[in-house]
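Numbers here are sequence positions counted from 1. Values below: every heavy atom of this structure, side chains too, minus hydrogens, waters and symmetry copies.
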Amino acid sequence: MDATPISLRGSRRDIGRALGDLARPYMAALLEQSPTWFALRRWRGHAVLDTLGAAAREYLPKQWEELCGMAEGLDMPLEDVLLWNARGDLLHKTDDGCMTVALRHADGSRWIAHNEDGDPFLTGLGRLVEIQSEDGPGFFFLYLPGSLPGHTFAANRAGLVQVVDNLRIMRGGKGVPRMMLARAVLDCRSLDEAQALLNKMPRAGGFHHMLGAVGDERLLSIEATPERCSTQPVTTLYGHTNHCIHFGARQTTQLITTSSRERLERLDVLLLELHAQAESSELLDILYDTEATLPMLRTDLRDPDGENTLASVIFRIDEQQCRVSVYNRERTPCYQQEI
């Protein structure tokens with residue numbers, strides 16, 4: 001992964017087009033080898049895809065404008081770009097994974113640690129990008145080719161931090177695509193605004209959002225699915241993988257893979273050994289743990305979920321600022337910055 005962030009600015013359309021330009025050299029090869037894309041193609045021209053597009057245009061017009069610009073930059077049909085960005089809404093099995101650890105530290109700071117897992121083809125192709133839009137707070141995020149900002153890890157200039165874990169929901173809704181909703185969160189200026197957005201918006205798919213903010217002592221774990229939107233404040237330590245675990249989660253129609261279950265079980269054990277005064281190195285030990293049969297750090301090309309760890313990140317949030325540290329697969333810091 002290139003450690004030098006790319007800076008983009010302009011209108012929504014301009015930014016989307018620039019993101020498309022960045023992805024164009026890799027997009028055809030990415031889709032050609034992707035089992036997810038093979039499964040998605042049967043949805044071309046389907047009324048369900050039309051419904052998702054209509055909901056996005058109605059409820060999230062600014063994010064829709066970015067998607068249109070991305071299609072222009074990619075030189076792809078808008079329908080196909082929407083299809084790719086609605087993959088988790090249409091399919092319950094995609095190669096988007098991730099895991100998250102959250103800590104409310106004894107010194108009053110809040111920590112969010114996260115492994116970004118995805119298609120092994122994307123190894124080394126993620127780019128750190130800084131966005132300055134004409135009508136939003138601007139933000140920093142990990143960009144994966146052809147996917148809107150927001151579904152990986154990000155922090156905006158209003159001090160809001162978001163990391164996202166895939167949820168494999170088996171019964172989709174008629175609302176907005178989950179990746180477009182995650183992008184909309186990055187335009188929010190507070191935890192309350194982000195939580196309200198996730199609650200009120202009709203949702204087509206499911207994500208777990210871990211949210212924190214500068215100047216706000218809370219960390220919020222939010223499982224947003226078509227059926228429900230559940231918020232659980234983090235008390236001290238918390239971990240999440242790729243299935244719903246909040247109270248009442250058994251009501252959610254979801255696929256729980258062996259990897260997601262085993263990583264969560266291992267995470268629960270590791271969190272018992274952590275404490276409220278933990279150092280960043282101890283959080284990294286969790287992100288890079290390989291003791292279990294299906295480990296936290298995922299490097300096996302035969303991973304049963306088809307996912308490898310693409311990047312790891314730790315956000316440290318306090319009353320004044322947020323500090324982000326991004327690491328490559330070898331645990332080497334490749335980017336550190338105050339946001």
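- Taking every heavy atom of both residues into account, Glu116 and Leu142 meet most closely at CG-CD2, 3.8 Å.
- Among all heavy-atom pairs drawn from Cys322 and Val161, the shortest one is SG-CG2, 3.7 Å.
- Counting non-hydrogen atoms of other residues, nucleotides and ligands closer than 6.0 Å to CD of Glu217 gives a total of 12 or fewer.
- Checking side-chain atoms of Gln162 against main-chain N and O of Gly150 turns up a donor-acceptor pair under 3.5 Å.
- Side-chain contact between Arg263 and Arg298: present, with at least one pair of heavy atoms (C-beta onward) separated by less than 4.5 Å.
- A side-chain donor-acceptor contact under 3.5 Å links Gln254 to the backbone of Cys244.
- Between the side chain of Glu262 and the backbone N or O of Thr258 there is no donor-acceptor pair closer than 3.5 Å.
- With salt bridges taken as basic N to acidic carboxylate O contacts below 4.0 Å, none links Asp89 and Lys174.
- Checking side-chain atoms of Asp119 against main-chain N and O of Leu122 turns up no donor-acceptor pair under 3.5 Å.
- A salt bridge is defined here as a Lys NZ or Arg NE, NH1 or NH2 lying under 4.0 Å from an Asp or Glu carboxylate O, and Arg110 with Glu319 meets this definition.
- Leu91 is not connected to Phe38 by any chain of hydrophobic side-chain contacts under 4.5 Å among Ile, Leu, Val, Met, Phe, Trp and Tyr, and they are in different clusters.
- In this structure, Trp84 and Pro145 have side chains that are not in contact, with every pair of non-hydrogen atoms separated by 4.5 Å or more.
- Residue His208 forms a side chain to side chain donor-acceptor pair (under 3.5 Å) with just one option from Thr225, Asn166, Asp165, and that option is Asp165.
- Under 4.0 Å is where a charged nitrogen must lie from a carboxylate oxygen, and between Arg168 and Asp305 at least one such pair does.
- Between Phe141 and Tyr143, the ring planes are perpendicular. Angles over 60° get that label, and only those under 30° would be called parallel.
- A salt bridge links Arg331 with Asp285: the distance from a Lys NZ or Arg NE/NH1/NH2 to an Asp or Glu carboxylate oxygen falls below 4.0 Å.
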Ring pair (Phe, Tyr, Trp, His ring centres under 6.0 Å) between Phe140 and Tyr335, worked out: CA-CA 12 Å; Phe140 160 91; Tyr335 180 78; 5.1 Å; yes

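- Heavy-atom minimum distance, Gly97 versus Asn242: O-ND2, 2.7 Å.
- In this structure a side-chain-to-backbone donor-acceptor pair under 3.5 Å is present from His114 to Met99.
- Between Arg13 and Glu66 there is no salt bridge, since no side-chain N of the basic residue sits under 4.0 Å from a carboxylate O of the acidic one.
- In this structure, His275 contributes its side chain and Ala278 its backbone to a donor-acceptor pair below 3.5 Å.
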Lys62 vs Glu134, test: salt bridge (charged side-chain N to carboxylate O under 4.0 Å, His left out). Steps then yes/no. CA-CA 11 Å; Lys62 294 180 180 179; Glu134 294 177 346; over 6 Å; no

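- Summarising the geometry of Leu160 relative to Cys188, their closest heavy-atom pair is CD2-O, 3.8 Å, with the distance given to 0.1 Å.
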Applying side-chain hydrogen bond (donor to acceptor under 3.5 Å, both in side chains) to Thr36 and Thr94, what does each step give before you reach the verdict? CA-CA 6 Å; Thr36 296; Thr94 65; 5.4 Å; no

From CA spacing to verdict: side-chain contact (heavy atoms from CB on, under 4.5 Å), Trp111, Ile317: CA-CA 6 Å; Trp111 300 60; Ile317 310 163; over 6 Å; no

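- The two residues Tyr59 and Met201 come nearest to each other via the heavy atoms CB-SD, 3.5 Å.
- A donor-acceptor pair is defined here as one N or O able to donate and one able to accept, closer than 3.5 Å; such a pair exists between the side chain of Gln33 and the backbone of Leu30.
- Asp95 contributes no side-chain N or O that, together with a main-chain N or O of Glu307, makes up a donor-acceptor pair within less than 3.5 Å.
- Taking every heavy atom of both residues into account, Gly212 and Leu219 meet most closely at CA-CD2, 3.9 Å.
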